Peer 1: 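This is the structure, below, for whatever I ask next.
Numbering of ligands and ligand atoms starts at 1, following listing order. On a predicted model such as this, the values are computed, not experimentally measured, just so you know. Along the sequence shown, residues carry numbers from 1.
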Amino acid sequence: MRLSKLHIVTLRDDPADAELPSHRLLARGGYIVKAASGLYTYGPLMWRTMKKITAIVNEEITAEGGIEVMMPIMHPRELWESSGRWDRYVADGILFTLKDSKGADFCLGPTHEEVITSYADQTITSYKQLPVNLYQIQDKFRDEIRPRYGLLRGREFIMMDAYSFDADQAGLDESYAAMDRAYRRIFTRCGVSFRSVQADAGAIGGSGSEEFMVIAEAGEDAILYCEESGYAANVEKADSIPAEAPPCSEAVEMEKTATPDVRTVEQLEAFFDLPAAAMAKTVLYKATWAEEEALIAVMMRGDLNINEVKLTNALDCLSLELAEDQAIVKLTGAEVGFAGPVGLDEKVRLLADKTLEGRTNLLTGCNETGFHCLNVNAGRDFPAPAYHDLREAKAGELSPDGKGPLLEARGIEVGHIFKLGDKYSTAMKASFIGENGKPAPFVMGCYGIGVSRTAQSAVEQGHDDKGIVWPAAIAPFEVAVAIVDVRKEDQVEVGERLYAELQAAGVDVCLDDRKVRAGAKFKDLELLGFPVQVTAGRGVSEGKVEVTLRATGERVEVLAEEACAHVQAFLEKA
Ligand code: ATP
Ligand code: MG
């Protein structure tokens with residue numbers, strides 16, 4: 001491919017809304033051009049990268065038995081009502097909806113469980129047809145609250161989504177393991193550094209879920225991992241062994257104590273000369289379910305924090321937010337900072353973290369401005385709460401297997417695999433006839449890869465102050481042959497010859513034959529980030545060209561006849 005014919009348009013300035021290096025560089029390189037918030041045109045170079053990633057995805061999913069299909073982007077409302085998801089997705093604001101000329105409702109697919117379950121129901125009648133794993137690579141639509149970071153959080157983006165259908169749980173376990181293997185090979189081949197982590201299964205439930213995270217400072221997800229044991233989890237899901245609390249003593253009488261203006265855990269520590277682990281803080285939330293909304297109270301050991309994802313799961317609610325000050329004052333009859341379990345309105349559901357189970361003589365608020373209670377005991381001074389694991393694990397705590405400390409990193413979620421079980425097939429009455437002659441719901445798994453997000457993640461990991469440094473496998477071109485001055489015949493002649501030679505050797509090479517100044521050409525090529533560059537410049541008068549490895553800047557001057565071998569050697573390193 002000749003860059004003079006490829007519509008290469010680079011910018012000198014960063015777009016105003018680009019916060020991350022990867023977004024800035026892709027925009028400046030003309031890889032992506034914004035049409036509207038969260039909507040981008042992929043330029044010719046970006047599209048080459050997308051096709052390389054999709055080729056890798058296709059190969060590896062196919063190698064594990066995946067079968068490619070293509071489903072409609074537009075889905076009828078009835079299908080989403082049959083799974084019970086229409087209202088929830090509309091309420092969350094994530095769904096793009098539209099009407100046809102007859103007034104019927106449709107949405108643009110944010111994911112395809114409903115469509116594929118309906119397809120499976122119509123095409124799979126017997127256990128003899130199972131297992132089946134169907135996938136597609138297609139644009140998805142989500143009206144994200146905050147589209148940002150370029151392709152990392154778009155409103156239209158490219159996803160590979162796969163769905164496995166099995167007759168039983170053992171089959172699902174196998175299908176899931178196969179996708180896990182495929183994902184590891186896909187991200188390894190894409191040249192990104194990643195980690196797979198246990199993920200929250202959320203409201204969907206199910207028996208297993210893993211996310212694949214590209215490790216990057218800019219990642220929106222926090223992950224905790226342990227070098228010693230290999231344990232790794234999204235912080236939303238992570239467990240740990242927390243620091244020990246002081247030993248419990250025999251329950252003694254509760255003591256109400258004046259604590260004027262002492263509200264926070266730190267202030268209480270100083271006031272009572274007690275460690276935070278001997279206290280229970282009480283946090284009030286407003287939880288929302290489909291039919292109702294209620295204030296709930298959560299007790300957590302003073303030195304630990306609440307994980308709101310775990311709390312949402314424990315409550316099985318749709319959403320959760322901290323109660324507003326006014327609501328707290330109204331409920332507790334006290335100013336903010338004095339809420340506690342003692343004397344709390346009995347109608348308020350009270351949950352407590354497992355670390356508080358069996359603890360005696362706690363220091364808590366007592367719903368009276370200016371007072372706290374010492375020696376508070378559950379079941380005696382207030383009705384015993386429901387104990388759940390509601391605690392946020394933190395770096396420094398021990399891994400749940402006790403083998404070593406947890407470390408923290410940030411990640412960009414590029415893939416997600418999920419054991420769904422029969423949630424959709426039961427809701428949508430999608431079944432097959434089993435070996436015993438009876439109908440049974442499909443046991444399903446679902447699997448997603450953010451193809452466009454993966455492309456940008458590679459740039460977030462691979463760049464320097466001059467531009468992008470693509471992993472060779474997904475670079476738009478592996479090699480650029482640059483003719484420094486296209487008016488010089490000898491340079492053109494050598495450049496063209498090397499271009500042909502590299503093509504013949506099976507290298508994915510482009511020829512930079514653009515009529516631009518040498519300085520601008522070099523700057524562009526650094527920005528665009530092809531892994532290896534061959535430069536046909538003044539040296540050609542002595543039969544020489546330069547070969548440069550973009551990642552390190554390593555450069556050799558070699559005879560043109562030997563350039564091909566050097567390119568291959570550099571590509572090995574890229
Ligand atoms: P997130 O938590 O980042 O919003 P998600 O968990 O909702 O993502 P999934 O439903 O698991 O996303 O979708 C599968 C994959 O699609 C994700 O792992 C991610 O790589 C990609 N993806 C999801 N949302 C977007 C988006 N708005 N833009 C680009 N890629 C996305
Ligand atoms: Mg996900």
Peer 1: Evaluate side-chain contact (heavy atoms from CB on, under 4.5 Å) for Tyr31 paired with Leu528, printing each intermediate quantity in order.
Peer 2: CA-CA 9 Å; Tyr31 279 96; Leu528 296 174; 3.8 Å; yes
Peer 1: Tell me whether Val414 reaches ligand 1 (any heavy atom closer than 4.0 angstrom to a ligand atom).
Peer 2: yes
Peer 1: Any idea which protein heavy atom is nearest atom 22 (N) of ligand 1, and the distance to it?
Peer 2: Phe157 CE1, 3.5 Å
Peer 1: Among protein heavy atoms, which sits nearest to atom 28 (N) of ligand 1, and what does the distance come to when rounded to 0.1 Å?
Peer 2: Gly154 N, 3.0 Å
Peer 1: Please determine if Met159 has a nitrogen or oxygen closer than 3.5 Å to a nitrogen or oxygen of ligand 1.
Peer 2: no
Peer 1: So which N/O/S atom does His416 have closest to the Mg ion (ligand 2)?
Peer 2: ND1
Peer 1: Out of all atoms in ligand 1, which are within 4.0 Å of some heavy atom of Glu144? Include the element for each.
Peer 2: 24 (N), 26 (C), 27 (N)
Peer 1: Would Arg155 and Tyr40 count as having a side-chain donor-acceptor pair, cut-off 3.5 Å?
Peer 2: no
Peer 1: Answer side chain, backbone, both or neither: which part of Arg153 comes under 4.0 Å from ligand 1, heavy atoms only.
Peer 2: both
Peer 1: Tell me, please, whether Phe212 has Arg195 positioned over its six-membered ring: NZ or CZ under 6.0 Å from the ring centre and within 45 degrees of its axis?
Peer 2: no
Peer 1: Do Glu478 and Trp470 pass the side-chain contact (heavy atoms from CB on, under 4.5 Å) test, and can you show the C-alpha distance, the side-chain angles, and the key distance before you say yes or no?
Peer 2: CA-CA 9 Å; Glu478 294 172 309; Trp470 285 110; over 6 Å; no
Peer 1: Please work out, at 4.0 Å between heavy atoms, whether the side chain, the backbone, both, or neither of Leu152 comes within that distance of ligand 1.
Peer 2: backbone
Peer 1: Within a 6.0 Å radius of atom CD on Glu292, are there more than 12 heavy atoms belonging to other residues, nucleotides or ligands?
Peer 2: yes
Peer 1: Numbering the atoms of ligand 1 from 1, which are under 4.0 Å from a heavy atom of His416?
Peer 2: 11 (O)
Peer 1: Determine whether the side chains of Glu114 and Ser118 contain a donor N or O and an acceptor N or O closer than 3.5 Å.
Peer 2: no
Peer 1: Pairs of nitrogen or oxygen atoms closer than 3.5 Å, one from Gly448 and one from ligand 1: do any exist?
Peer 2: no
Peer 1: Identify which one of Arg24, Lys34, Arg148 satisfies the side chain to side chain donor-acceptor pair (under 3.5 Å) criterion when paired with Asp17.
Peer 2: Lys34
Peer 1: Below 4.0 Å from ligand 1: does a non-hydrogen atom of Gly415 turn up there or not?
Peer 2: yes
Peer 1: To check your reading of the model: name the closest protein heavy atom to atom 15 (C) of ligand 1, its residue, and the distance in Å.
Peer 2: Gly450 N, 3.9 Å
Peer 1: So if I count the atoms of ligand 1 from 1 in the order they appear, which ones are less than 4.0 Å from some heavy atom of Arg142?
Peer 2: 5 (P), 7 (O), 9 (P), 10 (O), 12 (O), 13 (O), 23 (C), 24 (N)
Peer 1: If I take atom CE from residue Met179 and atom CZ from residue Arg184, how far apart are they, to the nearest 0.5 angstrom?
Peer 2: 13.0 Å
Peer 1: Does Asp161 come within less than 4.0 Å of Lys140, counting only side-chain N to carboxylate O?
Peer 2: yes
Peer 1: Under 2.8 Å from the Mg ion (ligand 2) - does any N, O or S atom of Glu413 fall there?
Peer 2: yes
Peer 1: Would you check if there is a donor-acceptor pair between the side chains of His463 and Ser22 at a distance under 3.5 Å?
Peer 2: no
Peer 1: For ligand 1, does Glu413 get within less than 4.0 Å through its side chain, its backbone, both, or neither, judged by non-hydrogen atoms?
Peer 2: both
Peer 1: Quick one: does Leu151 get a heavy atom under 4.0 Å from ligand 1?
Peer 2: yes
